[in-house]
Number of protein chains: 2
Amino acid sequence: MTTESTKNPEPLEAIAVSMTPLQRFEEYLQSKSLRNTEQRKFLIEQVFNRHEHFDADQLMEQLPSKGSANYVSRPTVYRTLREFVDAGLLNRFELDGRSVYEHDYGYPEHDHLYCTKCRKLIEFTSPELLQIRESVAKLHRFRARDHRFIIEGTCDECAKLRSKGRRQDRV
Amino acid sequence: MTTESTKNPEPLEAIAVSMTPLQRFEEYLQSKSLRNTEQRKFLIEQVFNRHEHFDADQLMEQLPSKGSANYVSRPTVYRTLREFVDAGLLNRFELDGRSVYEHDYGYPEHDHLYCTKCRKLIEFTSPELLQIRESVAKLHRFRARDHRFIIEGTCDECAKLRSKGRRQDRV
DNA sequence: ATCGTTGCAAACGTTTTGCATAAGG
DNA sequence: CCTTATGCAAAACGTTTGCAACGAT
């Protein structure tokens, strides 16, 4: 089977959901008898008003610093990101040795192209990929639960700038 | 992570190559004006007499310890593994936050099923996957150079033991 | 009044680095 | 000889943990 994903390279659209991330998280907290603290509410807001891909450091950078109101400590950021993943709000994967997060709730399944020059992540969808996953799993009697498919290379912009600028090519 | 391909889908066969890994590495060293030291020769031997998937720690464990002949220090192991990757002898990917290596030279391209219960890596090949990679890359004007496709889930053996055994399910 | 949560500091596991010494070419 | 490589110790890196104080229910 060949692969003509017919869509053009446009950003993926958010899909309709019945609850806001905060509502969904509150439900999750209740179901686990966890508490809805100021920090968690604030972080939900920060994370869902933001770009799709980020790591813990990038999130920390956009937060109020140590003296300010709404300051959240680094351990709490890590702990809360993990909860967001558990709650199904965020998706986590590893890139260059650190954890990268993206919206999961209200966002369609997709995979990534990763430009090793500018470190940009480009999303794409491929229904055929899921078919491969299913048939491979079946062949090996494997219960597939998730997958990570990252295509590494050079994006169009970086390829155009390539003639002069010399940088690292491989991860 | 162990590397037992299960009984049914047969393990991938090594493909014919004209040079031994050592020969190829020596060529690489010469081309870069690097030196063919005892440690590097010994590590080539250790790595290519071994299972496919391993991390730096697992390699260290099988090496002679500090007093012995042929002792290789941890920094040298890391430095040398990187060279093996540069030389095209090994392939590196990330799993659970650390680097995992496998034979690249003389070994067919493949991807992995990863059992999150027993941490086993199972190899598979899929020509269709490369077609997807190509068409997605083309669609996004992306120069694809490599990819990582890891399907996570539960292997057959672990699924059979599942009724009583309790362990972590997700990475 | 519980009991989960926070911030702090300190630890963690993996990988890398600076530097003096050793050794390949 | 000249340079690269090694081992050591220590640092770096991203992340996690123990704990006392705090705060939500």
Side-chain angles (χ1 to χ4, degrees), chain A residues 22 25-44 53-61 63-87 90 92-101 119 168 171, chain B residues 1 22 25-44 46 53-61 63-87 90 92-101 119 168 171:
Chain A
L22 178 57
F25 189 55
E26 285 172 344
E27 212 174 54
Y28 167 84
L29 292 176
Q30 286 218 346
S31 77
K32 297 255 187 177
S33 303
L34 303 179
R35 284 161 190 180
N36 194 6
T37 65
E38 286 306 316
Q39 289 90 334
R40 302 216 250 233
K41 277 184 276 187
F42 182 67
L43 286 177
I44 284 265
H53 306 102
F54 62 94
D55 61 24
D57 247 20
Q58 290 170 320
L59 178 54
M60 285 295 299
E61 275 167 25
L63 298 178
S65 45
K66 207 156 184 172
S68 325
N70 281 325
Y71 169 68
V72 183
S73 70
R74 181 171 294 272
T76 295
V77 165
Y78 276 97
R79 288 183 281 229
T80 306
L81 285 173
R82 183 169 13 187
E83 276 152 11
F84 289 174
V85 172
D86 288 348
L90 292 183
R92 169 173 48 207
F93 57 102
E94 312 233 322
L95 203 57
D96 294 337
R98 69 200 183 295
S99 291
V100 176
Y101 301 84
R119 317 258 128 171
Q168 74 285 57
V171 52
Chain B
M1 65 300 322
L22 178 57
F25 189 55
E26 286 171 345
E27 212 176 55
Y28 166 84
L29 292 175
Q30 286 218 347
S31 76
K32 296 254 186 180
S33 302
L34 303 178
R35 285 161 190 180
N36 194 5
T37 65
E38 285 306 316
Q39 289 90 336
R40 302 216 250 232
K41 276 184 277 189
F42 182 68
L43 286 177
I44 284 265
Q46 292 298 305
H53 306 101
F54 62 95
D55 61 24
D57 245 21
Q58 290 170 321
L59 177 54
M60 284 296 300
E61 274 166 26
L63 298 178
S65 46
K66 207 155 185 173
S68 326
N70 281 325
Y71 169 68
V72 183
S73 70
R74 183 170 290 275
T76 295
V77 165
Y78 277 97
R79 288 183 282 229
T80 307
L81 285 174
R82 184 169 12 187
E83 276 152 12
F84 290 173
V85 172
D86 288 348
L90 291 182
R92 168 173 48 209
F93 56 102
E94 313 234 321
L95 205 58
D96 294 337
R98 67 200 183 295
S99 291
V100 176
Y101 301 84
R119 317 257 130 170
Q168 74 284 54
V171 52

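Proximity of residues 28-42 of chain B to DNA chain C (heavy atom under 4.0 angstrom from any strand atom) is restricted to B:Arg35, B:Asn36.
The nearest whole Å value for the distance from the CG atom in B:Asp55 to the C1' atom in C:dG13 is 11 Å. Between the CD atom of B:Glu26 and the C1' atom of D:dT4 there is a distance of 17 Å, rounded to whole Å. A:Asp96 has its CG atom 11 Å from the P atom of D:dG14, to the nearest Å. Atom pair B:Leu81:CG and D:dA5:P shows a separation of 15 Å (rounding to whole Å applied). Nucleotide D:dT15 holds its P atom 12 Å from the CE atom of A:Met60, rounded to whole Å. The interatomic distance linking A:Asp86 (CG) with C:dG4 (P) rounds to 16 Å, in whole Å. If you measure from atom CD of B:Glu94 to atom C1' of D:dG14, you get 12 Å, rounded to the nearest angstrom. Remark: P of D:dG14 and CZ of A:Arg92 are 16 Å apart, rounded to the nearest angstrom.
Atom CZ of B:Phe42 is separated from atom CD1 of B:Ile44 by 12.5 Å, given to the nearest 0.5 angstrom.
Classification of A:Asp86 and A:Arg92 as a salt-bridged pair fails, no side-chain N sitting under 4.0 Å from a carboxylate O.
The nearest heavy atom of DNA chain D to A:Asp57 and to B:Lys66 marks one nucleotide each, and the one closer to the 5' end goes with B:Lys66. Each of A:Arg98 and B:Tyr71 lies near DNA chain D, and the nucleotide nearest B:Tyr71 is the one positioned closer to the 5' end.
A:Ala56 approaches A:Val77 most closely through the heavy-atom pair O-CG1, 4.5 Å. Contact detail for A:Tyr101 and A:Asp55: the closest heavy-atom pair is CD1-CA, 4.4 Å.
Of all nucleotides listed (D:dC8, D:dT6, D:dT16), D:dT6 comes nearest to the side chain of B:Thr76. With D:dT15, D:dG7, C:dG7 as the candidates, the nucleotide lying closest to the side chain of A:Arg74 is D:dT15.
Test B:Leu22, B:Leu34, B:Val72, B:Thr76 against B:Arg40 for side chain to side chain contact (heavy atoms under 4.5 Å, CB included) and you get one pass: B:Leu34. No option in B:Glu26, B:Lys41, B:Gln30 other than B:Glu26 meets the side chain to side chain donor-acceptor pair (under 3.5 Å) test with B:Asn36.
Side-chain to base pairing of A:Arg79 with C:dG4: no donor and acceptor N or O lie closer than 3.5 Å to each other.
Using modelled atom types, one side-chain atom of A:Glu94 and one backbone atom of B:Gly97 make a donor-acceptor pair closer than 3.5 Å.
When the side-chain nitrogen and oxygen atoms of A:Tyr78 are compared with OP1 and OP2 of D:dT16, none of them lie within a distance under 4.0 Å.
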